[in-house]
Amino acid sequence: MINRRKFINKAALGSVAIAGASLYACKETPATASVTTTSSAAPKKIKKPAIISTWNHGLVANEEAWKTLGTGGASLDAVESGVRITEADPKISTVGYGGWPDRDGFVTLDACIMDHNSRAGSVAFLQDIMHPISVARKVMEETPHVMLVGEGAKQFALEKGFKAQNLLTDDAKKAYEEWLKKSEYKPVINIENHDTISMIAMDEEGHLSAACTTSGAAWKMHGRVGDSPIIGCGLFLDGDVGAAAATGLGEAIIRTAGSAMVVELMRQGKTPAEACKEIVERIYEKHRNQPEFDYIQVGFIAMNKYGEYGAYSLRKGFNYATYDKDEGNKLTDAEFKMA
Ligand code: SD4
């Protein structure tokens with residue numbers, strides 16, 4: 001058994017979760033439906049299809065998603081296929097295969113997905129399955145539930161035909177053995193600039209979908225679940241308004257129900273960028289006097305039902321990838337509150 005050493009556990013891990021509802025009485029939401037606006041007026045022309053995703057690994061994921069979106073496919077298929085690329089990449093140490101393990105050496109994965117009808121699916125603390133996002137979609141489409149965790153989620157995945165495999169690559173094992181020498185827990189801000197992947201897409205029909213998938217914070221306590229699979233925290237979508245998704249220290253995002261709040265601000269008329277900024281400001285205010293503030297980074301991306309998008313982060317270093325017909329696939333440095 002691995003000898004667990006002393007570690008910092010300064011932050012009391014908050015656990016405010018907004019339970020998402022899987023709605024069976026689905027409604028169609030035309031992209032032209034009205035929304036109350038204050039600071040942001042409806043644009044004359046809806047920008048679609050369009051994608052926004054987190055970090056520079058979003059570029060490759062967007063390319064894959066665009067194969068579906070650019071040929072008239074559904075946004076739900078696009079976001080799933082896009083983030084699967086990141087999940088399968090062994091070089092990305094923060095998502096799926098090749099993700100850095102927890103402090104006991106286990107790779108544990110979190111993911112969730114939502115569509116324009118407020119359907120939601122999620123898996124957390126899932127082990128040995130390469131594509132948690134696809135398991136989350138199965139939870140959404142083939143169970144009466146929203147969220148499955150741990151052994152139950154794995155059992156469900158195996159029943160659905162997913163294969164169990166070792167997700168700890170040699171590189172991740174080496175990084176873990178290096179970490180064990182000191183066994184200090186201190187999240188690294190903007191880990192190599194590619195953390196959790198969150199993706200929001202709007203298709204030709206004007207339907208939004210969103211996906212989020214991660215291996216979570218490296219060296220976390222065994223059993224720890226972050227914001228990413230929690231509907232309303234790592235991701236939220238309301239087809240009448242828009243969608244938001246997060247990256248960064250999950251505890252800070254959970255404490256503020258981050259993505260749900262970004263969507264609510266868009267409902268009140270904020271642009272996606274304004275809404276992301278306001279919630280980052282709130283996270284800043286709530287954490288700036290806390291001991292863990294030194295290692296908190298959070299970033300949000302958002303897209304409204306008109307296909308307008310925006311992003312904002314607490315600290316410098318967050319970037320996001322966007323893809324639309326006019327501008328193609330491009331990476332942009334997010335505006336931020338502090339360097
Ligand atoms: C988590 N939010 O588990 C994830 C990790 C992440 O950028 O997004 N890092 O807390």
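Worth saying up front: this structure is predicted, and the values here are computed from it rather than measured. Values below: every heavy atom of this structure, side chains too, minus hydrogens, waters and symmetry copies. Counting from 1, the numbers follow the sequence of the chain as shown. Atoms within a ligand are numbered from 1 in the order they appear, just like the ligands themselves.
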Fill in the blank from the handout: Counting from 1 in the order shown, the ligand 1 atoms closer than 4.0 Å to a non-hydrogen atom of Asp195 are 7 (O), 9 (N)

Handout entry: Proximity winner for atom 4 (C) of ligand 1, if only heavy atoms of Gly226, Ala217, Gly248 are counted
Key = Gly248

Handout entry: Min heavy-atom dist Arg224 to ligand 1 below 4.0 Å
Key = yes

Handout entry: Sub-4.0 Å atoms of ligand 1 with respect to non-hydrogen atoms of Ser228
Key = 2 (N), 4 (C)

Practice task
Report, in ascending order of atom number, the atoms of ligand 1 lying under 4.0 Å from any heavy atom of Gly216.
Solution key: 3 (O)

Exercise for the section: Treating Ile, Leu, Val, Met, Phe, Trp and Tyr as nodes and any side-chain heavy-atom pair under 4.5 angstrom as an edge, say whether Ile253 and Phe293 lie in one connected cluster. Expected result: yes

Exercise for the section: Compute the ring centroids of His131 and Phe162, then answer whether they are less than 6.0 Å apart. Expected result: no

Practice task
Report the hydrophobic cluster partners of Leu331, with the cluster defined as I, L, V, M, F, W, Y residues connected by side-chain heavy atoms closer than 4.5 angstrom, directly or transitively.
Solution key: Leu59

Exercise for the section: Please determine if Thr196 has a nitrogen or oxygen closer than 3.5 Å to a nitrogen or oxygen of ligand 1. Expected result: yes

Practice task
Sorted by first residue and then second, give each ring-ring contact (aromatic ring centres under 6.0 Å, His included) pair with at least one member in residues 241-265; sequence neighbours left out.
Solution key: none

Completion exercise
For Asp227, the ligand 1 atoms with a heavy-atom partner under 4.0 Å come out as 1 (C), 2 (N), 4 (C), 10 (O)

Exercise for the section: Quick one: sort the Trp219 and Trp100 rings into parallel, tilted or perpendicular, breaks at 30° and 60°. Expected result: parallel

Problem - Contact check, side chains of Met202 and Ile46, non-hydrogen atoms, under 4.5 Å - result: yes

